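Written out below as structure tokens is the structure these notes cover.
The structure presented is a predicted model; accordingly, all values stated were derived computationally and were not measured.
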Amino acid sequence: MAGHDAGAPGRRTRRIAMGVEYDGGAYSGWQLQHHADTVQARLEVAVGRVAAAPVRVHCAGRTDAGVHATGQVVHFDTQASRSSRSWVLGANSNLPDDIAVRWAQEVAPDFHARFSATGRHYRYLILCRPTRSALWRGRAVWTHKTLHLARMRTAGSLLVGRHDFTSFRALACQAKSPVRTLRYLRLGRRGELLTLEVGADGFLHHMVRNIAGVLMAIGSGEASIQWAAELLAVRNRAFGGVTAPPHGLYLAGVDYPAHFQLPPLGDAAGPPVL
């Protein structure tokens with residue numbers, strides 16, 4: 001991008017938002033780390049080349065190692081003047097195949113990808129069949145057990161609403177409050193693939209994966225339906241179930257106030273279903 005006067009005196013600072021999707025299998029999560037490859041590091045390098053200057057990219061939700069995204073939202077500040085098309089095509093030409101920018105647009109200076117968000121949506125994919133899959137490896141969690149959808153739906157309905165989710169968060173979770181409002185929890189099945197979709201005003205660390213682990217135990221008959229409510233009541237992670245693996249989890253979308261005029265949530269349901 002030689003020749004661009006990104007840092008010329010008098011140029012105003014712009015805030016740019018982007019929608020990003022990625023396969024997290026090759027990365028040690030979103031956040032920058034020393035001696036580890038991360039999504040943030042890759043994106044900052046790619047966007048910085050388009051801006052012809054270093055940038056710091058902020059995200060809506062920091063995903064763990066192995067977790068994917070179809071609806072991640074990020075923002076960064078820059079003095080570079082580029083069209084939305086140039087930001088998208090330029091970034092994508094500098095990104096590996098497993099990370100892609102879907103859209104970009106200038107936003108108001110008070111927009112923040114994380115702190116302006118009013119809700120987040122996740123999807124968890126579970127492949128239920130006797131044998132492992134070569135195609136869904138790293139994209140869905142495989143179980144050979146039969147999972148009964150009706151049991152899981154009944155248990156899941158007990159979690160919807162405003163609750164203390166202490167039993168469903170990681171021990172290392174740094175959130176000040178364990179109280180969250182789970183706005184919906186949907187379970188569906190298409191062939192051998194079972195999908196768990198959840199939306200909330202916010203999520204605790206490992207909250208979705210812990211919900212998935214609990215519902216899988218209930219669906220297989222290893223635990224009672226009422227166990228979901230009992231875990232909410234006990235407010236103790238030590239009594240919780242196994243944390244489901246990361247590679248079944250997708251950050252599917254983020255909600256923002258309408259006045260920011262971001263693109264619609266779109267395919268918040270997650271990746272294509274075979």
What about [X] and [Y], same hydrophobic cluster or not, with Ile/Leu/Val/Met/Phe/Trp/Tyr joined at side-chain heavy-atom distances under 4.5 Å?
| X | Y | answer |
| --- | --- | --- |
| Leu182 | Val234 | yes |
| Phe111 | Trp103 | yes |
| Val101 | Val45 | no |
| Val208 | Val242 | no |
| Leu149 | Leu196 | yes |

Crowding at [atom1], [X] (>12 non-hydrogen neighbours, <6.0 Å):
| X | atom1 | result |
| --- | --- | --- |
| His259 | NE2 | yes |
| Phe239 | CZ | no |
| Arg137 | CZ | no |
| Gln261 | CD | no |

Looking only at heavy atoms, which two atoms of [X] and [Y] are closest? And how far apart?
| X | Y | value |
| --- | --- | --- |
| Thr70 | Ala252 | OG1-CA, 3.4 Å |
| Ala155 | Ile218 | CB-CD1, 3.6 Å |
| Leu204 | Ala175 | CD2-CB, 3.6 Å |
| Val73 | Ala113 | O-CB, 3.6 Å |
| Leu215 | Gly156 | CD2-N, 3.9 Å |
| Ala60 | Tyr256 | CB-OH, 3.4 Å |

For His58 and Arg114: C-alpha separation, side-chain torsions, deciding distance, then whether side-chain contact (heavy atoms from CB on, under 4.5 Å) applies.
CA-CA 7 Å; His58 305 271; Arg114 178 183 176 190; over 6 Å; no

Which residues pass the ring pair (Phe, Tyr, Trp, His ring centres under 6.0 Å) test with Tyr124, sequence neighbours left out?
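None.
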
Heavy-atom donor-acceptor pair, [X] side chain to [Y] backbone, under 3.5 Å:
| X | Y | answer |
| --- | --- | --- |
| Arg209 | Ala244 | yes |
| Asp255 | Thr118 | no |
| Trp136 | Val141 | no |
| Trp30 | Gly61 | no |
| Arg153 | Leu187 | yes |
| Arg82 | Val50 | yes |

Determine, stepwise, if the pair Leu95 / Leu43 fulfils side-chain contact (heavy atoms from CB on, under 4.5 Å).
CA-CA 7 Å; Leu95 284 168; Leu43 193 60; 4.0 Å; yes

Parallel, tilted or perpendicular for [X] and [Y], by the 30°/60° rule?
| X | Y | result |
| --- | --- | --- |
| Phe115 | His112 | tilted |
| Tyr250 | His68 | tilted |
| Tyr122 | Phe203 | perpendicular |

As a test of understanding, state which of Arg120, Arg183, Arg162 forms a salt bridge (charged side-chain N to carboxylate O under 4.0 Å, His left out) with Asp201.
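Among Arg120, Arg183, Arg162, the one that satisfies the salt bridge (charged side-chain N to carboxylate O under 4.0 Å, His left out) with Asp201 is Arg162.
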
Answer yes when Arg42 and Asp37 have at least one side-chain N-carboxylate O distance shorter than 4.0 Å, and no when they do not.
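Yes.
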
Residues Arg15 and Asp110 bridged, charged N to O under 4.0 Å
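No salt bridge links Arg15 with Asp110.
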
Pairwise distance [atom1]([X]) to [atom2]([Y]) - rounded to 0.5 angstrom:
| X | Y | atom1 | atom2 | value |
| --- | --- | --- | --- | --- |
| Phe165 | Arg235 | CZ | CZ | 11.5 Å |
| Leu171 | His206 | CG | NE2 | 10.0 Å |
| Asp23 | Asp98 | CG | CG | 6.0 Å |
| Ile211 | Leu185 | CD1 | CG | 6.5 Å |
| Ser28 | His34 | OG | NE2 | 13.5 Å |
| Lys145 | Cys128 | NZ | SG | 11.0 Å |

Thr38-Gln40 side chain donor-acceptor pair, cut-off 3.5 Å:
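Distance-only check fails for Thr38 and Gln40.
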
Is the closest side-chain donor-acceptor distance between Asn236 and Ser167 under 3.5 Å?
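No, Ser167 and Asn236 have no side-chain donor paired with an acceptor closer than 3.5 Å.
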
Contact check, side chains of [X] and [Y], non-hydrogen atoms, under 4.5 Å:
| X | Y | value |
| --- | --- | --- |
| Met152 | Leu194 | yes |
| Thr195 | Arg190 | no |
| Leu32 | Arg56 | yes |
| Tyr184 | His121 | yes |
| Asp64 | His205 | yes |
| Arg237 | Asn210 | yes |
| Leu251 | Val67 | no |
| Val88 | Met18 | no |

Which is it for Glu192 and Ser133 under the side-chain contact (heavy atoms from CB on, under 4.5 Å) test, yes or no, and what are the steps along the way?
CA-CA 11 Å; Glu192 299 169 325; Ser133 169; over 6 Å; no

Between Glu222 and Ser220, is a side chain to side chain donor-acceptor pair (under 3.5 Å) present by the stated rule, with each step listed?
CA-CA 6 Å; Glu222 297 172 18; Ser220 67; 3.2 Å; yes

Can you check side-chain contact (heavy atoms from CB on, under 4.5 Å) on Leu232 and Leu158, steps first, answer last?
CA-CA 9 Å; Leu232 282 178; Leu158 302 175; 5.6 Å; no

Under 6.0 Å between ring centres: does that hold for Tyr27 and Tyr22?
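Ring-ring flag for Tyr27/Tyr22: false, centres at least 6.0 Å apart.
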
